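Computed over heavy atoms, backbone and side chain alike; hydrogens, waters and symmetry mates excluded. Everything numeric in this text was worked out from a predicted model, so none of it was measured.
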Amino acid sequence: QVQLVESGGGLVQAGGSLRLSCAASGRTFTSYTVGWFRQAPGKEREFVAAVTSNGGSTAYADPVKGRFTISRDNAQNTVLLQMNSLKPEDTAVYYCGARLGRYVFRETANYNSWGQGTQVTVSS
């Protein structure tokens, strides 16, 4: 397993942007699919975006398509989530998860390594 640390959260006005970073430890990071998920108060953790181990394929949840972009830099063991045109409904704790594999996974149960989360708050 890899260890993950998220950063980059904060408070932003609606329409603004944030870039989240997921830093991973471990020499085999290039073998892991990485996903971003979010959890708002009183709600279940939900899928946001994912990228395959080689960065060749990505997937997005419908509410963030066209606004969020996931990317990875395997040389830096980092996965980024660029979030533009933020809305109040994007407010949540954002987590990155990782699992061995070459495919995109959208379900939380498919991930076995998680970071501690970073808070994103979007004011109206």
Side-chain angles (χ1 to χ4, degrees):
Q1 291 187 353
V2 293
Q3 293 185 332
L4 306 172
V5 178
E6 302 95 335
S7 61
L11 173 64
V12 64
Q13 289 187 333
S17 299
L18 283 174
R19 187 175 71 172
L20 305 184
S21 177
C22 175
S25 63
R27 294 179 297 172
T28 60
F29 179 67
T30 54
S31 298
Y32 284 76
T33 285
V34 175
W36 281 99
F37 292 75
R38 64 188 182 187
Q39 188 166 17
K43 295 187 177 181
E44 293 187 352
R45 192 171 298 189
E46 65 176 8
F47 172 74
V48 174
V51 60
T52 53
S53 54
N54 65 357
S57 294
T58 58
Y60 296 91
D62 286 344
V64 307
K65 280 183 180 177
R67 300 188 298 122
F68 291 11
T69 303
I70 190 171
S71 62
R72 68 188 297 160
D73 182 346
N74 283 340
Q76 299 294 324
N77 277 13
T78 301
V79 173
L80 302 176
L81 184 69
Q82 178 66 43
M83 306 188 296
N84 299 328
S85 302
L86 283 162
K87 304 175 181 180
E89 50 263 46
D90 295 318
T91 294
V93 178
Y94 282 70
Y95 299 88
C96 64
R99 64 152 290 159
L100 283 171
R102 297 181 294 172
Y103 303 102
V104 167
F105 302 97
R106 295 174 177 260
E107 302 296 328
T108 56
N110 286 320
Y111 293 80
N112 49 25
S113 296
W114 292 95
Q116 82 290 347
T118 186
Q119 176 71 48
V120 171
T121 303
V122 184
S123 63
S124 56

How about [X] and [Y]: do any of their side-chain heavy atoms sit closer than 4.5 Å?
| X | Y | value |
| --- | --- | --- |
| T58 | Y60 | yes |
| S21 | L80 | yes |
| T91 | Q119 | yes |
| S31 | L100 | yes |
| V51 | T33 | no |
| R38 | K43 | no |
| L86 | F68 | yes |
| L81 | T69 | no |

**Prompt:** Donor-acceptor pair, T78 side chain versus Q76 backbone, under 3.5 Å?
**Reply:** yes
**Message:** I'd like to know if the side chain of Q39 and the backbone of A92 have a donor-acceptor N/O pair within less than 3.5 Å.
**Reply:** no
**Message:** Quick test of your reading of the model: are K65 and D62 salt-bridged, counting only N-O distances below 4.0 Å?
**Reply:** yes
**Request:** Go through the steps to decide whether S17 and N84 satisfy the test side chain to side chain donor-acceptor pair (under 3.5 Å), and finish with yes or no.
**Result:** CA-CA 4 Å; S17 299; N84 299 328; 2.9 Å; yes
**Message:** Using side-chain contact (heavy atoms from CB on, under 4.5 Å), reason through Q116 and V5 one step at a time and then give a plain yes or no.
**Reply:** CA-CA 7 Å; Q116 82 290 347; V5 178; 4.2 Å; yes
**Request:** Look up atom NZ in K87 and atom OG in S124, then write down how far apart they are to the nearest 0.5 Å.
**Result:** 14.0 Å
**Between OG on residue S85 and CZ on residue R67, distance to nearest 0.5 Å** = 7.0 Å
**Message:** side-chain contact (heavy atoms from CB on, under 4.5 Å), that's the test. Do L4 and W114 meet it? Break it down for me.
**Reply:** CA-CA 6 Å; L4 306 172; W114 292 95; 5.6 Å; no
**Request:** Tell me, with the steps shown, if Y111 and R99 meet side chain to side chain donor-acceptor pair (under 3.5 Å).
**Result:** CA-CA 5 Å; Y111 293 80; R99 64 152 290 159; over 6 Å; no
**Request:** Go through M83 and D90 one step at a time and tell me if the side-chain contact (heavy atoms from CB on, under 4.5 Å) criterion holds.
**Result:** CA-CA 10 Å; M83 306 188 296; D90 295 318; over 6 Å; no
**Message:** Please determine whether residues L18 and V48 belong to a single hydrophobic cluster, defined as Ile, Leu, Val, Met, Phe, Trp and Tyr linked transitively by side-chain heavy-atom distances below 4.5 Å.
**Reply:** yes
**Hydrophobic cluster identity match, V104 and F37, side-chain contacts under 4.5 Å** = no
**Prompt:** Sequence neighbours excluded, which residues qualify as side chain to side chain donor-acceptor pair (under 3.5 Å) partners of E89?
**Reply:**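 E89: no side chain to side chain donor-acceptor pair (under 3.5 Å) contacts found.
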**Prompt:** For N74, what residues pass the side chain to side chain donor-acceptor pair (under 3.5 Å) criterion, not counting sequence neighbours?
**Reply:**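 For N74, the residues satisfying side chain to side chain donor-acceptor pair (under 3.5 Å) (neighbours in sequence not counted) are R72.
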Heavy atoms only: give me the nearest [X]-[Y] pair and the separation to one decimal.
| X | Y | result |
| --- | --- | --- |
| A14 | P88 | CB-CD, 4.1 Å |
| V2 | A98 | CG2-CB, 3.8 Å |
| A59 | R106 | CB-NH2, 3.5 Å |

**Request:** With side-chain contact (heavy atoms from CB on, under 4.5 Å) as the test, would you mind laying out the steps for N110 and Y103 before giving the verdict?
**Result:** CA-CA 11 Å; N110 286 320; Y103 303 102; over 6 Å; no
**Asked** Does the ring center of F47 lie less than 6.0 Å from the ring center of W36?
**Response** no
**Message:** Could you check whether R45 makes a cation-pi contact with Y95, meaning its NZ or CZ is under 6.0 Å from the centre of the six-membered ring and within 45° of the ring axis?
**Reply:** yes
**Message:** Is it the case that over 12 heavy atoms from other parts of the model lie below 6.0 angstrom from the CD atom of E44?
**Reply:** no
**Request:** Decide if atom CD of E46 counts as having more than 12 heavy atoms of other residues, nucleotides or ligands within a radius under 6.0 Å.
**Result:** yes
**Asked** Please, which pairs that meet disulfide (SG to SG under 2.5 Å) have at least one residue in residues 1-77, sequence neighbours excluded?
**Response** C22-C96
